[in-house]
Amino acid sequence: MNFPGTTPTQATPMGLGGLAGGGMQGMTEQEQAMVKMMQSGMESCPIKTVISGGMGFGLGGVFGLFMASMSYDSTFTPQGKAIADLPWREQVRRGFKDMGSRSWSSAKNFGIVGALYSGTECCIEGLRAKNDLTNSVAAGCITGGILGAKAGPQAAAAGCVGFAAFSAAIDAYMRMPSEE
């Protein structure tokens, strides 16, 4: 059983943007070694998981910051009314504090989802030794099931179905041939 990144891989002519094989001829030995190290790192499940978690954390932080900044646009809600009655400095202080806490919460959640999905998909790909739509559907189902498990078996099943369908749609779109 081979997991991606655990055994040395052969360089393909189109790997890493066409740098492997004939594209490395103008590079020094040190540069070639660096390219090979980056290629093997991008095939490693732990490194893919960390990168996906980090990217999810960053995206979640930006998303949380944006969503928190949009929540105080109306004084018709009880929360908006309570904030509007405070002095300006207190409004700004509470707004920034809330934006920070929402941003942090969203960043953690996106990071966990990204790392969990990416790690699961990479392990499934290593076990099946194939890179196809089935991997992302299975990883989506497992990820959705894990995320919904705390709310009970029905939520876990709904999470499995929903995340699998979303993963299938995204992966099918990404695998579509480009119109170049």
Side-chain angles (χ1 to χ4, degrees), residues 3-5 16-17 34 37-126 133 135-176 178:
F3 288 98
L16 201 62
M34 185 63 85
M37 184 181 70
M38 283 192 273
Q39 285 176 334
S40 64
M42 290 308 295
E43 293 176 1
S44 168
C45 285
I47 291 177
K48 279 184 182 178
T49 302
V50 168
I51 289 172
S52 294
M55 302 266 304
F57 185 86
L59 180 66
V62 170
F63 181 75
L65 187 66
F66 175 74
M67 293 306 288
S69 70
M70 301 298 279
S71 67
Y72 300 112
D73 61 347
S74 173
T75 57
F76 296 120
T77 63
Q79 184 183 22
K81 178 75 172 129
I83 295 286
D85 292 340
L86 296 172
W88 183 80
R89 278 194 167 167
E90 183 65 18
Q91 288 180 22
V92 171
R93 189 185 73 73
R94 284 192 186 184
F96 279 131
K97 185 176 180 182
D98 184 51
M99 287 169 68
S101 65
R102 284 195 196 185
S103 182
W104 177 254
S105 174
S106 185
K108 287 190 305 184
N109 291 336
F110 274 58
I112 289 168
V113 170
L116 182 61
Y117 175 79
S118 179
T120 305
E121 183 183 35
C122 190
C123 289
I124 291 171
E125 182 178 329
L133 191 63
N135 295 344
S136 52
V137 171
C141 181
I142 291 168
T143 302
I146 290 171
L147 294 174
K150 284 186 179 179
Q154 288 178 330
C160 170
V161 170
F163 214 110
F166 180 73
S167 299
I170 295 297
D171 200 17
Y173 176 77
M174 295 302 285
R175 291 178 186 270
M176 286 175 43
S178 62

After noting the C-alpha distance and the side-chain angles of Ser103 and Phe63, does the key distance pass the side chain to side chain contact (heavy atoms under 4.5 Å, CB included) rule? CA-CA 7 Å; Ser103 182; Phe63 181 75; over 6 Å; no
Atom OG of Ser69 and atom CZ of Phe96: how far apart are they, to the nearest 0.5 Å? 10.0 Å
Test your reading of the model: is there a side-chain donor-acceptor pair from Glu121 to the backbone of Asn135, 3.5 Å cut-off? no
Mind checking the CZ-OG spacing from Arg175 to Ser136? Nearest 0.5 Å is all I need. 6.0 Å
Apply side chain to side chain contact (heavy atoms under 4.5 Å, CB included) to the pair Ile142 and Leu116, showing each step before the final yes or no. CA-CA 9 Å; Ile142 291 168; Leu116 182 61; over 6 Å; no
Main-chain N/O of Ala139 paired with Thr143 side-chain donor or acceptor, under 3.5 Å: yes
Pairwise distance NZ(Lys97) to CD(Glu90) - rounded to 0.5 angstrom: 9.0 Å
Ser40 side chain to Met37 main-chain N or O, any donor-acceptor pair under 3.5 Å? yes
When rounded to the nearest 0.5 angstrom, what distance separates CZ in Phe66 from CE in Met99? 10.5 Å
Out of curiosity, Ile124 CD1 to Cys141 SG, how far, rounded to the nearest 0.5 Å? 9.0 Å
Do the charged groups of Arg94 and Asp98 touch, with an N to O distance under 4.0 Å? no
Between Met34 and Met38, does a side chain to side chain contact (heavy atoms under 4.5 Å, CB included) hold up when you go through it step by step? CA-CA 6 Å; Met34 185 63 85; Met38 283 192 273; 3.9 Å; yes
Please list, one pair per line, the donor and acceptor atoms closer than 3.5 Å that link side chains of residues 148-169 to other protein atoms, with sequence neighbours excluded.
{"from": "Ser167", "atom 1": "OG", "to": "Phe163", "atom 2": "O", "distance (Å)": "2.8"}

Which heavy atom of Lys48 sits nearest to which heavy atom of Ser118, and what is that distance? O-OG, 3.5 Å
Do Ser106 and Met67 have side chains that approach each other closer than 4.5 Å (heavy atoms only, starting at C-beta)? no
Rounded to the nearest 0.5 angstrom, the CD1-OH distance for Ile170 and Tyr117 is 9.0 Å
Might you work through the disulfide bond (SG atoms under 2.5 Å apart) test for Cys123 and Cys45, ending with a clear yes or no? CA-CA 7 Å; Cys123 289; Cys45 285; 4.5 Å; no
